[in-house]
Each structure stands twice: as structure tokens, then as C-alpha cells.
Amino acid sequence: MNTAVQIASDVQHGASSAVHELANAMTAIGERNEELHVFLHVDEEGATRAAHRVDAAVARGEHAGALAGVPIAIKDNMCQRGVPTTCASKILEGWRPPYNATVIDRLLAAGAVPVGKTNLDEFAMGSSTENSAFGPTRNPLDPSRVPGGSSGGSAAAVAANMTPLAIGSDTGGSIRQPAALCGLVGVKPTYGLVSRYGLIAFASSLDQIGPFAKTVTDAATLLEVLAGHDRMDSTSLPEPSPSLVAHVNDGVVGKRVGVVPELIEGADDDVVDAVQRALGALRDAGASVVELSIPELRLGLSAYYLIAPAEASSNLARFDGVRYGLRVDGVDVAAMNEATRTAGFGDEVKRRIMLGTYALSAGYYDAYYGQALKVRTQMINAFARAYRDVDFLVGATTPSVAFAFGEKTSNPLTMYLSDVFTIPSNLTGDAAISVPFGYGEAHLPIGVQLLGPGRSEALLFRAARVLEVADGRS
Ligand code: GLN
């Protein structure tokens with residue numbers, strides 16, 4: 001499959017058309033969607049209309065946008081007008097949003113063609129897509145294994161060559177972890193860089209939307225389209241979209257890269273080895289390597305699993321059987337609320353709501369939620385100190401390559417541990433990228449994570465590009 005950048009250029013110059021590219025995507029989806037369960041809904045009609053609009057713009061001699069005619073897959077926790085949006089939950093079955101998320105409007109304005117909504121862990125809570133109420137997604141590289149999660153469907157769409165691009169959301173790793181497990185570039189942008197308007201909230205202080213792509217340049221191109229101030233999101237950064245693509249080949253000469261033992265601790269040998277080789281590649285490209293320790297990293301997981309459920313318990317209160325989707329009747333309103341939520345939410349979502357409600361309850365607020373917020377502040381300070389000595393950090397994205405179905409479902413804690421390396425950047429609000437680098441067990445891809453301070457995306461893309469070249473991917 002061509003890259004997104006190539007497709008957009010071909011469509012703009014008449015060597016291809018948006019309608020033709022959409023037909024290719026539909027063929028690929030038709031071939032493997034049943035086996036892999038990537039899309040919960042394919043919007044062929046809406047996609048066809050969008051493709052015709054792009055072709056008409058090109059025919060009029062207009063510039064059709066940076067993603068002209070590029071098919072893209074959308075995680076099903078983002079609102080698209082008139083298109084079913086479920087968060088992979090029974091509680092939203094049948095709901096069609098009356099408005100577009102800001103990212104959808106930006107994609108359409110850039111000529112992209114949204115082809116459908118992808119599977120996820122229910123309400124983005126999970127790391128394997130096994131928590132979807134509609135059944136799991138399979139990893140296209142090895143269908144006996146998970147694609148990661150929670151944005152597993154979006155990662156699988158790109159890995160299976162159904163669409164060259166996809167978008168996901170990352171609250172504790174849900175873009176970077178599936179990107180690593182499916183051999184893709186995945187980006188968790190700086191908090192506030194991409195508008196959350198129309199993203200169904202999981203944990204509002206941690207959620208960010210970001211890109212999946214096969215190449216660094218495609219991911220940078222997509223992030224440029226998604227980013228920039230939006231007055232509909234009060235946490236949106238005031239600046240316009242940064243310039244990323246123009247700098248991807250600028251290299252890392254003279255940059256200081258930090259290696260942190262806590263960002264590989266407990267990872268499998270093949271993953272540790274890939275991180276070491278990535279450091280070697282960055283050094284060969286002219287960066288200097290600095291060793292440092294951030295012990296606060298060890299507290300991240302515990303703080304996250306109080307803060308994220310606390311926010312989720314509040315955000316998910318709106319699904320009450322009155323305003324959206326499912327309603328199960330009862331003798332009075334309270335009974336209806338209870339029956340709807342009992343039938344509509346799956347086990348993991350209920351677990352998070354209970355954990356969060358407990359952490360926020362009067363007698364325990366200070367002991368749990370309050371403590372977690374203090375840890376979060378310590379983490380923010382620790383990273384800020386580290387970034388005085390280094391420009392960016394390198395570590396593992398995940399402790400292992402893609403794991404088998406059922407391997408981590410019996411004990412929620414082992415599933416939570418898959419996010420130990422990705423959660424810190426959500427707590428600090430900083431930027432991070434996962435880039436494929438080498439292969440591990442069973443020839444499955446390994447993701448190396450690059451972490452930087454807020455608004456360091458341009459530098460992280462440059463470093464990711466160095467690794468992409470060193471890994472012989474282009
Ligand atoms: N796996 C983590 C969780 O279950 C992160 C999910 C996410 O980033 N949406 O909370």
C-alpha cells in the first residue's frame with residue numbers, strides 16, 4: 001500500500017482519485033474485516049460522498065488538502081455526525097451523534113476520507129481490545145494474538161493495510177501500546193495540542209487524540225492536520241498547529257538523549273535489546289547519551305489507576321438511560337438508571353466506576369485521590385528536572401511483544417502492568433511517540449518509545465525518523 005503522503009499527491013495530481021483509493025480500502029476491508037473484527041461500522045455512503053467532494057475539488061483545480069483522498073479509520077469513541085458511535089459499549093448502542101468531533105471536521109477539511117469506526121476496549125478501558133462488548137479485534141500480524149488496546153481496531157486497520165492512517169485516543173497508552181504491538185508509528189501528543197471536543201471522555205485530564213501510521217512522515221502529516229487551537233475545548237493550547245513534516249529529516253546531531261532504567265525495568269530481553277540498539281543508532285546519528293534515573297516513574301501506575309477511574313466515574317455518570325442509547329425500564333427513575341447501567345456496562349467499566357467512586361468518597365478522598373494528585377505533581381517535577389539535562393528520553397513502549405488472547409484477562413492487574421511505560425507521559429501531559437524498531441519473539445514487532453517535554457513533537461519525530469532509517473524501514 002502507498003503511504004498517505006503518496007496517495008494525497010497522486011490524488012491531487014490526477015494520478016489517482018479519492019474514489020479509487022476508497023475502493024481499494026473497501027476491498028481490503030472486505031477481505032479481512034470478518035476475520036480480524038477491525039471495524040464496528042463501515043460508513044461506505046458517507047465515505048463515498050467525502051471522496052466525491054475531494055475529486056470535484058481537484059477537478060476544479062483547487063488544492064484538496066494535505067490528506068486529499070486518503071482513507072482513514074476512526075476509533076469509535078469519537079463523534080461523527082449521523083454515524084453510530086458506541087465506545088464498544090452496549091450502553092451507547094443505537095446512538096448517533098448530532099455533531100462532529102473537531103478532529104473529524106479537520107480531517108474532512110484536509111481532504112481525508114473517514115471510512116468507518118474501529119473497535120476498542122469498552123470506553124477505552126483496557127490494553128488488548130478484549131474488553132469490547134462486541135468481541136475482540138485480532139492482530140493482523142498474528143491473529144492468535146491481541147492487537148493491543150484500547151485503540152486496537154485503529155491499529156489493526158493500518159497494520160492490515162485497510163487504511164494508511166487511523167486515529168485513536170491515548171489516556172494511559174492506548175495509541176502507543178497498540179502501535180508497538182502492530183508495528184506502527186503511534187503518537188500521544190502534548191496534552192491540549194489536539195482538541196478533545198467530540199471525544200467521549202474517559203479521563204479528561206489525561207485523554208489525547210493522536211495518529212497511527214506506517215511511516216514517521218505520514219504520522220507527522222496527520223498530526224499537523226489534527227493539531228491546533230480549538231475554542232470548543234477549554235484545555236486546548238492557544239498556539240496554531242506546529243510545523244512537523246518540514247523538520248522530520250533534520251536529524252539529532254548535538255541532541256542529548258536520556259536513558260532511564262525505570263523505562264525498561266521488567267521488560268523482556270528482546271525489548272531491552274531493541275532499546276539498547278535504538279540508543280546506539282541515535283548515538284551514531286550524532287546524539288549524546290546521558291544516563292539518568294527517575295525513581296518517581298515507579299509510582300505512575302498506582303497514581304494513574306486512582307486518577308483515571310476517579311475521572312471516569314464522574315464522566316460516565318451521564319449514561320443514565322435518559323440521554324443516550326440504551327434504556328432498561330424500571331418502576332421509577334432510580335430503578336431505570338440502575339437497570340440500564342447494570343445491563344449496559346461491561347465488567348471492566350463497572351470495576352473502574354467502583355474504584356473511582358470509592359477513591360473520591362468522603363472518608364477516602366485525601367487518602368487515595370488526594371495522594372494520587374500529589375504523586376502526579378512529583379512526577380511532573382521529576383520529568384521537568386530531567387528535561388533540564390536532556391532533550392528527550394528513550395525507553396520501551398511495552399514490556400513485551402503482542403500477547404495471546406486470554407493471557408492477561410483473568411487478573412486485571414497483569415493487564416494494567418502493560419501500561420507501566422506509557423502512563424507517565426499522560427500524567428505529565430508531555431509528548432511521546434512509539435516507533436517500530438526491530439523484531440522480537442516470533443518475529444513480532446517491537447516499539448521503542450521516545451518521550452519529550454510538552455510541545456517537543458517536532459524533535460521526537462526527528463528522532464523517530466532516525467530510528468526508522470536505522471531500522472531499514474525506508
Ligand atoms: N490501558 C489503560 C487503561 O485501561 C489505558 C487506556 C487508554 O489509554 N485509553 O486505562
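Order of listing sets the numbers, starting from 1, for every ligand and every atom in it.
- With respect to atom 3 (C) of ligand 1, the closest heavy atom belonging to the protein is Tyr305 OH, 3.3 Å.
- The backbone N or O of Pro71 sits nowhere less than 3.5 Å from a side-chain atom of Thr163 that would complete a donor-acceptor pair.
- Near Met125, the atoms of ligand 1 lying under 4.0 angstrom from a non-hydrogen atom of the residue are 4 (O).
- Rounding to the nearest 0.5 Å gives a distance of 10.5 Å between OG1 of Thr86 and NE2 of His41.
- Arg351 has no carboxylate O lying under 4.0 Å from a charged side-chain N of Asp347, or vice versa, which leaves the two without a salt bridge.
- The distance from ligand 1 to the heavy atoms of Ala124 drops below 4.0 Å at these ligand atoms: 6 (C), 7 (C), 9 (N).
- Of the heavy atoms in Arg176, none comes closer than 4.0 Å to ligand 1.
- Of the listed residues (Ala308, Ser174, Pro309, Gly126), the one carrying the non-hydrogen atom nearest atom 9 (N) of ligand 1 is Ser174.
- Short contacts between ligand 1 and Asp419, defined as distances under 4.0 Å to a heavy atom of the residue, involve ligand atoms 1 (N), 2 (C).
- Contact annotation: Arg352 has at least one heavy atom less than 4.0 Å from an atom of ligand 1.
- Looking only at distances, no side-chain donor or acceptor of Asn161 sits under 3.5 Å from a matching main-chain atom of Ala28.
- Interface atoms of ligand 1 facing Gly172, defined by a heavy-atom separation under 4.0 Å, are 5 (C), 7 (C), 8 (O).
- Ionic pairing of Glu468 and Arg465 is present here: one or more N-O contacts between side-chain nitrogen and carboxylate oxygen are shorter than 4.0 angstrom.
- Taking the centre and axis of the six-membered ring of Phe405, the NZ or CZ atom of Arg138 falls inside the cone set by 45° and 6.0 Å.
- Side-chain contact check for Ser154 and Lys75: no donor-acceptor pair (N or O, by modelled atom type) lies under 3.5 Å.
- Remark: ligand 1 atoms within the under-4.0 Å shell around heavy atoms of Ser150 are 9 (N).
- Below 4.0 Å from some heavy atom of Ser127 lie the following atoms of ligand 1, by number and element: 1 (N).
- Residue Leu417 holds its CG atom at 12.5 Å from OG1 of Thr398, rounded to the nearest 0.5 Å.
- With Phe202, Tyr304, Phe123 as candidates, the residue nearest to atom 5 (C) of ligand 1 on a non-hydrogen basis is Tyr304.
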